[in-house]
Asker: 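Dumping the structure here so I can ask a few things about it.
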Amino acid sequence: MFDELSDYRKKIREFALREFTEETSERYDRNEEFPFEIAKKSLSLGMVDMENPAKILIAIEEMCRVDAGLGISATLPYFGGEVLFLFGNDKQKKILNDVYHGKVMLSLGITEPSGGSDVAGLKTFAKKSGNKYILNGSKMFISNGAIADYMVVLARTSEEEKRHHGLSTFLVNTKSRGFKATKLENKLGVRATNTAEIEFNDVELSEDDLIGEEGKGFYYIMTFFNISRIYVAGQALGISEGAFDKIKGYVKTNNITDEATMFEVADVSTRIEAARQLTYNAASYLFKYDPKPELTSMAKAYAGETAVYSSEKAMEITGKSPDESIQRIFRNAKIMEIWEGTSEVEKLVISRQILKGD
Amino acid sequence: MFDELSDYRKKIREFALREFTEETSERYDRNEEFPFEIAKKSLSLGMVDMENPAKILIAIEEMCRVDAGLGISATLPYFGGEVLFLFGNDKQKKILNDVYHGKVMLSLGITEPSGGSDVAGLKTFAKKSGNKYILNGSKMFISNGAIADYMVVLARTSEEEKRHHGLSTFLVNTKSRGFKATKLENKLGVRATNTAEIEFNDVELSEDDLIGEEGKGFYYIMTFFNISRIYVAGQALGISEGAFDKIKGYVKTNNITDEATMFEVADVSTRIEAARQLTYNAASYLFKYDPKPELTSMAKAYAGETAVYSSEKAMEITGKSPDESIQRIFRNAKIMEIWEGTSEVEKLVISRQILKGD
Amino acid sequence: MEDEYELLRDTVKEFSEKNLDEKRIETGGIVENIIQNIASQGFLGAKIPSKFGGSELDEKSYNIILREISKYSPSVAMKIFILNSLYYPLVKNTEMESTLSDASSGKMNVSVDFLNKNKIEGEKFNGTLNDILNADSNNIIVFGKGPSLVNGGTVMEKDFMGFRGLKFGDIKIESELQHINTKVTLNDILEDSYNAISSINLGLISGALDKAMEYSTIRKAFDSPLSSYEPVAFNLSRMVSQKNILETILNNNIDSYYALNFSMNILVETTRYALNVHGGYGYFGDFGVEKFYRDAMVMRSIFYGNSDLKKLSGHVYGNKVGFI
Amino acid sequence: MEDEYELLRDTVKEFSEKNLDEKRIETGGIVENIIQNIASQGFLGAKIPSKFGGSELDEKSYNIILREISKYSPSVAMKIFILNSLYYPLVKNTEMESTLSDASSGKMNVSVDFLNKNKIEGEKFNGTLNDILNADSNNIIVFGKGPSLVNGGTVMEKDFMGFRGLKFGDIKIESELQHINTKVTLNDILEDSYNAISSINLGLISGALDKAMEYSTIRKAFDSPLSSYEPVAFNLSRMVSQKNILETILNNNIDSYYALNFSMNILVETTRYALNVHGGYGYFGDFGVEKFYRDAMVMRSIFYGNSDLKKLSGHVYGNKVGFI
C-alpha cells in the first residue's frame, strides 16, 4: 500500500526540502506563528492529497521529517474532518472540499481545562432550546483553535446521562457570537502550530449544526481517534527520521567511527524501523476499513516514544555542537507523547484490547 | 506471505501443544537430553515443511512459543543446510532430502574456543595434501555437534591469506576417523538442544567434501548467516509470545487489573508486535531473494532483546508464583542474544549498513 | 567503613573463597560440613541473641555477611537470610524462641512459607504445603490466622532456577500446628528485611561484576581484550559505579526503601550483562556467571512487587497514597 | 548534613524563591539587579578567594549553592558555574587573577569557550568566535596552544534551548590575545567540575520533581488525584528515591565520577517524566516545568560524552583502558 506511493513520497519530500528551509523553520518557530502561506501552498497545489488516507500519512511523515512545526501546520487544516466525512450531513460535508484545497481551516475541540485525557468527563454543555442549542463551556489546547473557520466540538447534551453517554458533536462556526479563542503561547515545540483556549458563551447553534445523531458524540470521537492516532504515529515517525537524518549527517561529516556511537546508531535505527513497521501495518488495516485499535494505539505509543528517544539521542550524539535544527527537533518531539491521548492512555487501550482476546 | 499460511500455522501450533506437554518439556530440560522422537515425528510426518522458508519460520515461531528447547531441537536438524542448498555439489545436495524427512541430522561448525564472534579469526586448518585435505583444529558451542551425521565446517585453507580470505567450507562426515565431539552440559536454557565441543585430529577429507569453491567459505557463511538470522528472530519471537501467553494467563486467571500491571501488559505486547513486524518484513524480503541484511540484523537483535525482556517481565509479573514453565522460558530466552552473532555483532552490522546509504 | 567492619568483611570473604563453591553446592546441596562451618564461624546465627548460641551481631555486620557470602554462594546467603530475617523475628519473644539454639548451631533446619502460597486453617495440617524454599526443614513457619510451626515431611522437589543449593518444592506433611504467639506478620518481616535483601542483591551484583570485569581484561576478541571495546568498558564501568553507590547507601544505612528500590532496579540488568560479556561461555554453568542472573531474577520477582512499590510510594509521599 | 550547611541551604533557598523567577530571567536575561543581589549574597564569587572579594567557600558549600539556585533559576546557576568552575581555575595564580575582583562583584561578566569550537592561533583574534554561552561577556577565555583572554564584541545571538537567561551565540571581535600563564587545561577544569555539574543536575532534577510531586497530588484525572494512579505514584517515587541517593552521594562527596555518571543517567528521564505528569500544561512555558527538560538535555549533551565515559572507565579499571 505504501511502497506503491514512492513517487508521491518523493514529491512531498522535495516540496518539504524546498519550502521548509532552515531559515523558514527557524523563523516560524521563534515567532510562534502559523505558516498560512505554506499551508495554503501545500494544499492549493494539490500537493497534499487529502482524499487518500495513505497519501495523507505519507505527507505527514515526510513533512515532519523536515520540520514538524511546519509539517504539522501544513497537514492540520483537515483536523477533525474525518468526523464530518463519516458522520456529517451533506451541508457539513460540502465544507470538506474547501478544506482539501486550503480555503477553509478546521479544528477539533474536545479537551477541556480540567479534563486532559478524560474525554467522558467533559463539562461543555449544549442546551436544547426549541430548535436551537445554546453552547457554554471551554476547551483547552485546541490545535488551529485561533485560526480555524469551523470547529468540531464535543459537548454534553443531556443532564441525566453521565460520562460518555449524552455527548454530542457539533460543527461550530468560529465567527459565531460568543465564540472566543485565546492563542496560547510559549510552547516547548511545534511552535508554528496554533494552539488556543476556547470559550463558548451562549453560542447559538441550529439543529443543522449537530453532527450525526444526538447522544452519539462519544462514539464519533472515539472513531475519530482511532483514525487520527495513526496520523500522530506518522508525525512521530517523521520526527524520528528527521532526528536520525541529523545523527547520520553528523556521524558522516565528522567521520565518527567509535563503537559506542555505532551502537547508538544501530539502536536508534532499529527502533525507528520498528516504529515504521508498526505504523504502516496498523495503517494498512485501518485504510482498508478493518481497523485494529490495539495496533493503532501500539503504533502511536511506540512511535511517540521513539520520536522522543531519537531526538534525545540526536542531542547526545551531536553533543557539544548544539545545532539549532537539532534542538528544534528535540523540542518538537515531546508533544508526540502527549496529544491525541497520552502514552498512558494508549497503554490502557492496548492492555484492554489485548486482554479481551484469548 | 505469512497471512496466507494461517492454516499451516494452526497445524503446527496444535502439534506443538499436543507434543510439547509441560511434562515432556520439563523432562528434556531437566535431563538435558535431545528429543530424537519429537524431532523425527515433526519431520517424518512432513509436519515441518523444510522446503518452504516461510513455513520453516512459522514452524520455528509456533514451536518455540510452546517450548523453545523442544522447538529448536525439532527444527534444527537442517542447521547449515542452506550452505549445501546454495553452494553444495549434487552429491552433497542429495543429503538434504534425508534431512527434510528426519533421517539425517546436520550441524554447522564455525565458532572456535578462542573465537566467539570473530569468524575471520578462526584457526581450524584444512591442509591440502594431494587430492585430499587434512583437517585439524577445534570448534566450540556447536549445536547438534554430538548427534549430527554431517557437519558443515568452516576452515582455513591458505596460510598466506589472512582473516576472511583463504577460508573454505567442507562437509564432514561425523563418523570420520579423527572427529571427536564432546557434549557440553549444564546450559542455562534450551537444554533439550545438543551442544558440543568438536576436535578434528587429522580428519581426512576428499575434494568432493569441499563445498563450492576453495577460498570462498567466508562469503558462503556470511550468506548463511543472513538467512539463519531470520530463523533466530523467529525463535526469539516465539519465545516472546510464549512469555506473553503466560503473562496473559496469569493476569486473567487471577483477575489482575491494577494499572501498573496493565502498563506492563501494554509495553510487552507492543514490543512483541514490533518484533513480529520487523521479523516478517525482513523475512518477506529475504524469501523473495531480495535480502536486506540490515533489516534481518535489526529483526534478530530486536527480537532477541524482546525475548529476554518479555521473559523477565513474565517472571516479574507472576512474581511469587514461580511456575516452572515460566522459569524455563526465562532460562531459554537468554541464548537469543548470544547465538548466530551476539547482539553486539548485529549492532555493528546494522550501523555499517545504515551508514553506507545516503 | 570502620576497621571492625572491614575486618569482618575480610574474614567472611576469605572464608567464602575457601569453603563455598556454589557449583558444588548447586548440585550437592549445602552439606553438613558447610553448615557446621558457617555455624561455627557465627555466620549462620548472625543476628540471633547469644543466649541462643547466636552471634548477636548488629544490622550492618549481618548485611556484610549476607553480601560477602552471596558473592560466592547465594544459596548459603539465602539460608542465613531465612533463619535471621524471616524465622527469628517471628519466634522472637515467644515460647518458640528456644528453637533458635538448634537453628543457629545448624542442628535444626528451619524454613518460612514466605511465598505465602498456603492457606492454613484449623489445628492440624494434613496435606501438601506448596512452594517451600529450604523445603527439607524440620521446622516450618506457615501462615493462617497467625504464624504457626509445622514439622517437615516428604519433599516433592520442583525445579527452581534460583538458590539451587536449597531444596525447593511441595511437602507432604501431617502435623499439629503450633501457634506462635506474636503480633509480627509476614508483611512486617519482609519490610524489615529490605536492607538484608538489598545486601544479597549487592552480593549477586558484585559477584557477577567481579567475574565480568576480570573476563573483560583477559578474553580477547579480534585480537584485543574485551575491555578495549567502548561499549563493554562503558557498560561495565557504569555498572561498577552503580554497584559502589549501592554499597555506600547500605554501608551508611541511608534508607532501606531507597536501597531496595535501587538494588532491584540495577540487579537483573547487571547480572544479565555480566553473562553477556562472557559470550557463549556465559551460558554454561561451569563459568559460574549464569547463576547470578538466575538468582537475581528470583530475587527480583519474589522480593519486589506491587506491594513494595506501594510501600515506597507511601514512604515518599509521606502517607499511604490512596490507590484506586 | 551538618548545621552550617543546612543553614546555607536554607538561605540560598529562601533567596532564590524570593528573587529568582526563571520565567522572567529566560525572557529578560539576568538583569543587573539580580547580579548585584547574587554578588552581595556572596553566591556569585562562591569559590573565589576573599582577597578578590569572593566568599572562599568550600566545595560542599559551593555545590549546595549551585543545587539550590538551579532548582529556581538554572541560568543563574550556570552563570555562577562559569565563573567559579571554569574561569577561576584558569586564571588562578596567574597575572590575570586580579580580574576575579571585578568578576565576583559582578562588575565584569566573564565567559569560557568550553564548547571548544574555535581554533585560536597567533597573537590577535580578528573574526567570529562561535557558540559562546554567556556571550555578552567582556572577558572571554579561548583556547589555542593554551588559554588566552580576549575582549567581548558584537553578539550575533542564536537560539539555544537551555539556560536561556544567558546569551548564546557567535561573537564578532577584534582583540589581542592575552595569554594566560597556566598549565591548567580545559580538560582538567571540566574533570574537576564533575561535582559542580552533578549539583546543577541535582537542582534540575529536584526542581522538576518538586513541581511534579505537587501537581500529582492536586490535579485530578477521572475524579482522582494523579498520585492515586499506580504508574504515576510508582514512577515519581522511584525518581524521588534516586534523587535522594544522588543528594547523598554529593553531600558525602563519595566519588565525583560516580556522581556525574549517576546524575547524567537519571537527569533526562526524570525531567521528561515530570513534564509528562503535567500533561498538556507541561508543554507550556508558563507552568515552569518544561524548562527543566530543556536544561537537562543541554547538560546531558554538553557535559557528558564519550570522553567522560572514558574517564569513568579509566577510573573504574584503574588504568586508561586501551581503547581501539
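In this text the structure is predicted, and so the values were computed from the model without any measurement. Quick note: numbers below take in every heavy atom, side chains included, and nothing from hydrogens, waters or symmetry partners.
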Asker: Evaluate side chain to side chain contact (heavy atoms under 4.5 Å, CB included) for B/Tyr280 paired with A/Asn281, printing each intermediate quantity in order.
Answerer: CA-CA 11 Å; B/Tyr280 289 173; A/Asn281 185 54; over 6 Å; no
Asker: Could you tell me the separation between the CZ atom of A/Arg276 and the CD atom of B/Gln277, rounded to the nearest 0.5 Å?
Answerer: 13.5 Å
Asker: Donor-acceptor pair, B/Lys252 side chain versus A/Leu355 backbone, under 3.5 Å?
Answerer: yes
Asker: Just verifying a value: how many Å separate A/Asp267 CG and B/Glu305 CD, rounded to the nearest 0.5 Å?
Answerer: 6.5 Å
Asker: Quick one: CE on B/Met298 to CZ on A/Arg271, what's the gap to the nearest 0.5 Å?
Answerer: 13.0 Å
Asker: Is it true that, when you exclude A/Phe2 itself, more than 12 heavy atoms of the residues, nucleotides or ligands shown sit nearer than 6.0 Å to its CZ?
Answerer: yes
Asker: To the nearest 0.5 Å, what is the distance between CZ on B/Arg352 and CE on A/Met262?
Answerer: 10.0 Å
Asker: Tell me, out of B/Thr270, B/Val349, B/Leu348, who's got the most heavy-atom pairs with chain A below 4.5 Å.
Answerer: B/Thr270
Asker: Roughly how far, to the nearest 0.5 Å, is the OG atom of A/Ser269 from the CD atom of B/Glu294?
Answerer: 8.5 Å
Asker: Chain B: which of A/Val268, A/Val265, A/Leu278 shares the most heavy-atom pairs with it under 4.5 Å?
Answerer: A/Leu278
